[in-house]
Amino acid sequence: MNRPPKKFLSPGHNACAGCGQLVAVQAVMRGLDEDTIIANATGCLEVTTTAYPQSAWGLPWIHSLFENAASVASGIKAALKQKKDGKTKVLVQGGDGGTYDIGLGLISGMWERGENILYVCYDTEAYSNTGIQASGATPYGASTTTTPKGSESIGSTQAKKDMLAIALAHGLKYAAQSTAGYPDDITNKVKRALDVDGPSYLQILSPCIPGWQINNDEAVFMGKLAVETALYPLLEYKDGILNASSITGSFRAKPVAEYLKKQGRFKNLSEEDLKHIQSLADANLKRYRL
Amino acid sequence: MKRSKIKLETKANSSLNNKTGPWRTHKPITDYAACIGCSLCAKICPESCIAMEIRTDSPRLKPVTDYDYCKGCALCARECPVKAIRMEEDIAA
């Protein structure tokens with residue numbers, strides 16, 4: 001067998017077998033060209049792709065700290081400006097912990113400055129890298145190691161933070177949401193985000209095998225179900241206006257129980273909890289139906 | 001005290017030295033007669049170790065799995081629209 005050709009992200013990384021985030025990353029890479037620099041926050045993606053002394057990356061790639069990937073990207077952008085290079089694209093990658101919580105202030109600063117940088121958040125709905133602690137992206141009812149299910153607890157009782165709305169509140173020209181169930185949708189959204197002259201944000205639901213307690217072959221299936229139940233619709237905002245949605249007039253949502261009952265992290269939900277989560281999906285139907 | 005310097009840079013794509021094939025307990029086997037060459041498996045492979053290649057048995061590009069890196073997650077077998085990929089126990093790996 002011939003050696004595989006050099007890629008933007010090579011095999012030989014240490015992500016779990018069947019990792020949903022890596023499915024999403026491969027789709028993001030197909031939307032890039034070789035004239036791209038990546039700044040990466042701390043997280044699974046950073047750790048699994050750059051086990052010292054190796055790197056899986058075939059693009060210029062830098063990691064500094066958990067919180068400052070956006071600021072590092074701003075620095076790269078400033079250096080490119082000084083070199084009068086308006087062509088090279090800058091991409092930031094972070095997980096939900098680095099985006100929703102730890103990096104939020106510095107991401108906000110990058111967006112305030114209006115720099116032409118694409119930020120991609122791989123949303124696994126917990127701190128997967130450090131052992132599935134709850135993050136601002138953890139949804140209601142999910143069991144994590146800091147919100148464990150038990151006789152007195154269903155899991156997390158907090159609502160998932162609406163990061164897309166936070167991005168939109170900064171007046172971003174492009175903000176979108178996708179899932180690992182739709183790789184072509186991800187690639188297309190990366191291309192469209194890069195066409196925009198200004199900051200852009202793409203958030204991708206990335207099923208986590210140990211975190212969600214699902215089987216190795218279920219990441220893509222779960223990504224699809226999240227959309228089909230309207231819990232995580234495919235959304236795209238250009239200049240603040242929703243211009244494409246997976247929730248349209250003819251869309252028939254599946255019951256959320258179909259999605260929840262296949263995941264170990266939601267094993268402790270009562271009928272009442274299921275009703276509450278169903279109401280969240282119903283609210284999405286109302287909010288995003290075009 | 002003599003300090004040794006730590007190298008903070010590394011070669012691009014050097015993870016190719018890290019063959020993850022031995023992680024595998026089950027191996028995907030593609031039935032090329034049933035495969036329609038849609039390339040979905042190549043797109044969703046988290047390892048990107050499925051390449052669409054010209055084979056002698058078909059004018060269409062068909063997926064070829066690199067078993068040096070395949071971790072045997074079975075995503076390709078699960079998602080194949082024509083069920084042309086089956087998982088077999090892989091003791092030899």
Side-chain angles (χ1 to χ4, degrees), chain A residues 1-27 29-30 34 45 48-64 180-187 206-207 209 214-224, chain B residues 4-28 30 38-55 62-81 83 85-87 90 93:
Chain A
M1 165 125 222
N2 294 329
R3 275 282 127 260
K6 297 281 184 203
K7 295 173 176 175
F8 293 165
L9 180 58
S10 290
H13 58 73
N14 292 315
C16 301
C19 172
Q21 180 180 28
L22 266 290
V23 174
V25 178
Q26 303 293 0
M29 292 302 126
R30 286 195 291 277
E34 57 188 11
L45 184 59
T48 58
T49 57
T50 55
Y52 187 80
Q54 295 170 349
S55 170
W57 298 97
L59 287 170
W61 184 97
I62 181 171
H63 164 256
S64 171
Y182 299 84
D184 285 343
D185 182 65
I186 295 173
T187 306
S206 307
I209 309 293
I214 54 176
N215 294 324
N216 283 357
D217 62 351
E218 288 183 325
V220 170
F221 172 64
M222 286 299 163
K224 283 190 214 160
Chain B
S4 55
K5 277 191 181 166
I6 300 171
K7 252 184 75 187
L8 289 174
E9 300 90 31
T10 183
K11 291 239 164 64
N13 306 99
S14 50
S15 66
L16 288 169
N17 295 327
N18 183 33
K19 296 197 176 154
T20 48
W23 290 29
R24 193 169 62 235
T25 58
H26 289 74
K27 186 178 189 174
T30 307
C38 73
S39 81
L40 180 68
C41 55
K43 268 182 192 163
I44 60 170
C45 175
E47 313 309 315
S48 69
C49 72
I50 304 178
M52 297 303 289
E53 290 177 7
I54 301 265
R55 287 167 46 90
K62 293 285 174 105
V64 178
T65 305
D66 186 344
Y67 295 113
D68 278 353
Y69 300 101
C70 169
K71 293 172 185 165
C73 71
L75 255 182
C76 53
R78 169 82 180 239
E79 295 298 329
C80 175
K83 298 284 164 235
I85 306 174
R86 68 173 197 281
M87 299 302 292
D90 187 18

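Chain letters run A, B, ... following the sequence lines, proteins first and then strands; every chain starts at 1. None of these values were measured; they are calculated from a predicted model.
Every residue meeting the side-chain hydrogen bond (donor to acceptor under 3.5 Å, both in side chains) condition with H63(A), not counting sequence neighbours, appears here in chain and number order: T42(A).
In terms of non-hydrogen atom pairs under 4.5 Å with chain B, the most contact-rich of V23(A), L9(A), T187(A) is V23(A). Counting heavy-atom pairs closer than 4.5 Å to chain B, the top residue among A15(A), P183(A), C19(A) is A15(A).
With rounding to the nearest 0.5 Å, the separation of CD1 in I44(B) from OH in Y182(A) is 13.0 Å.
Within a 6.0 Å radius of NZ in K11(B), other residues, nucleotides and ligands contribute 12 heavy atoms or fewer.
The two residues E47(B) and Q26(A) come nearest to each other via the heavy atoms C-NE2, 3.8 Å. When all heavy atoms are compared, the tightest approach of G18(A) to C73(B) is N-CB, 3.1 Å. The heavy-atom pair separating D217(A) from R78(B) by the smallest distance is O-CG, 3.3 Å.
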Mind listing the side-chain donor-acceptor pairs of residues 51-62 of chain A below 3.5 Å, one per line with the distance, residues two or more places apart or on another chain?
| residue | atom | partner | partner atom | Å |
| --- | --- | --- | --- | --- |
| Y52(A) | OH | K7(B) | O | 3.2 |
| S55(A) | OG | W57(A) | N | 3.1 |
| W57(A) | NE1 | T49(A) | OG1 | 2.8 |
| W61(A) | NE1 | N40(A) | OD1 | 3.1 |

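Heavy atoms of E79(B) lying under 4.5 Å from chain A belong exclusively to its side chain. Only the backbone of C45(B) comes within contact range of chain A, with at least one heavy atom under 4.5 Å from a heavy atom of that chain. Looking at K43(B), both its backbone and its side chain come within 4.5 Å of chain A, counting heavy atoms on both sides. Contact of N215(A) with chain B is not made at all, since no heavy-atom distance falls under 4.5 Å.
Although no hydrogens or angles enter the test, the distance criterion places a donor-acceptor pair under 3.5 Å between the side chain of N18(B) and the main chain of G12(A). Panel note: side chain K7(A), backbone S48(B); a donor-acceptor pair is recorded below 3.5 Å.
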